[in-house]
2 protein chains.
Amino acid sequence: MPVDDLHAIVARRLSGSTLRYTTSRRAIIDVLSRAERPLTLPQILGSDVSLAQSSAYRNLAELIGAGVVHRIVTSDEHAHFELAEDLTEHHHHLICTSCGTVTDFTVSVRLERELDVALAGEAAQRGFTAEHHRLDLLGRCASCLSA
Amino acid sequence: MPVDDLHAIVARRLSGSTLRYTTSRRAIIDVLSRAERPLTLPQILGSDVSLAQSSAYRNLAELIGAGVVHRIVTSDEHAHFELAEDLTEHHHHLICTSCGTVTDFTVSVRLERELDVALAGEAAQRGFTAEHHRLDLLGRCASCLSA
DNA sequence: CTCAGTGCAAAGGATTTGCATGCCG
DNA sequence: CGGCATGCAAATCCTTTGCACTGAG
């Protein structure tokens, strides 16, 4: 998606509330869209965005509330942030248990569909209302293996 | 698996190191094996096990190191603990985004196998060494819906 | 002018660690 | 007896919150 379109969409979703699309928020969205992987807060702040840590957390919280950013918790360390799936595409994560890096990957539409069916069945059976699923692969990434 | 067998296996794995299979550790294993879902530390301590919080965390860390307990991080709140998969069976989790409760479920062997193949392919392609996968379904559980 | 946004510092909350003591092998 | 286990309290670390100030509309 072109960056301009992205900003337009984000701006629209923010305007629903009384939220402004400030330079800082725009910078966060830019960094996340440029990154090819979910970033931690330190990474976001290192990357270009100059902002107090607390403001960054606050902005991310607003952006999450507006449905444009998603927060991923993989361990006890920093959470990772990425653009919401409807601004990118449905995907999954490879998580390195050694360095914590998160990388994206996708599976075939067919498998994805089979998963949905199976999960919907399980959910229905327990009166559980599914919002979304999460499929992660845990292991050691190439750079940690060579290290 | 009969509880006695379970304890025997745990004892064997602990004896590898210089770890003792104390009453407290045995109690933790008992609680986890009786529970039909992963438990948080407060739940473990409430459930029967009388132990200082720090000792409970320490024991869980030892048990995890010995490969008999697994730790699940779902959000920022308490982590959940369950017996290692090779002491139970491969399964997945339904996670309630409202109350945080975690419930187990399984999918068909066929689907599980397809997943493994697809994931192995993705991993290989990136020089990633997979340890295991994780498939979670997020949503609201029956009791949170009725509440 | 008003109110959202920001920075700084302090507070929170789960988990870990230091240290002295207790107890199993 | 020696060393692992345990309890208590203090320390960590990520994240959140309080508060006063700044700036955009």
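Here is how names work: the chains are called A, B, and so on, in the same order as the sequence lines, proteins then strands, and each is numbered from 1. FYI, side chains are in, hydrogens and waters are out, and symmetry mates aren't considered; it's all heavy atoms of this structure.
Across all strands shown, B/Ala61 has no heavy atoms under 4.0 Å from either base or sugar-phosphate atoms. Within 4.0 Å (heavy atoms only), B/Ser55 reaches at least one base atom of the nucleic acid.
An OP1 or OP2 oxygen of D/dT6 is reached within less than 4.0 angstrom by no side-chain nitrogen or oxygen of B/Arg58. An OP1 or OP2 oxygen of D/dG3 is reached within less than 4.0 angstrom by no side-chain nitrogen or oxygen of B/Arg20. Phosphate contact (OP1/OP2 of D/dT6, side-chain N/O of B/Asn59, threshold under 4.0 Å): present. Side-chain N/O atoms of B/Thr22 include one lying less than 4.0 angstrom from OP1 or OP2 on D/dT6.
A donor-acceptor pair is defined here as one N or O able to donate and one able to accept, closer than 3.5 Å; such a pair exists between the side chain of B/Arg25 and the backbone of B/Arg20. Side-chain atoms of B/Glu85 come within 3.5 Å of backbone N or O of B/His91 as a donor-acceptor pair. With hydrogens and angles disregarded, a donor-acceptor distance shorter than 3.5 Å links the side chain of B/Thr97 to the backbone of B/Gly139. Counting only distance, with no hydrogens or angles, the side chain of A/Arg140 and the backbone of A/Ser98 share no donor-acceptor pair below 3.5 Å.
Using cut-offs of 30° and 60° for the angle between ring planes, the B/His133 and B/His90 rings count as perpendicular. Using the six-membered ring where Trp is involved, A/Phe81 and A/Tyr57 have ring planes that are perpendicular, over 60° apart on the 30 and 60° scheme. Between A/His70 and A/His132, the angle of the ring planes goes over 60°, which puts this pair in the perpendicular group of the 30/60° scheme.
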Please assess B/Arg110 against B/Glu114 for the test salt bridge (charged side-chain N to carboxylate O under 4.0 Å, His left out), listing each intermediate value before the final yes or no.
CA-CA 6 Å; B/Arg110 191 182 56 73; B/Glu114 283 189 60; 2.4 Å; yes
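Residues A/Leu137 and A/Leu119 fall within the same hydrophobic cluster, defined by Ile, Leu, Val, Met, Phe, Trp and Tyr side chains chained together at heavy-atom separations under 4.5 Å.
Residues from residues 97-104 of chain B with heavy atoms under 4.0 angstrom of DNA chain C: there are none. Residues of residues 31-45 of chain A that place a heavy atom closer than 4.0 Å to DNA chain C do not occur.
In this structure, B/Arg126 pairs ionically with B/Glu122, as a charged nitrogen and a carboxylate oxygen lie closer than 4.0 Å.
Using a 4.5 Å heavy-atom threshold, the side chains of B/His93 and B/His80 count as separate.
Atom CG of B/Leu63 and atom P of D/dT6 are 10 Å apart (whole Å). Between the P atom of D/dA9 and the OH atom of B/Tyr57 lies a distance of 17 Å, rounded to the nearest Å. At whole-Å resolution of the value, CD in A/Gln53 and P in D/dT16 are 10 Å apart. Regarding A/Leu19, its CG atom lies at a distance of 15 Å from the C1' atom of D/dA24, rounded to whole Å.
Here the range on DNA chain C touched by chain B, meaning any atom under 4.0 Å from one of its heavy atoms, is C/dA14 to C/dC24.
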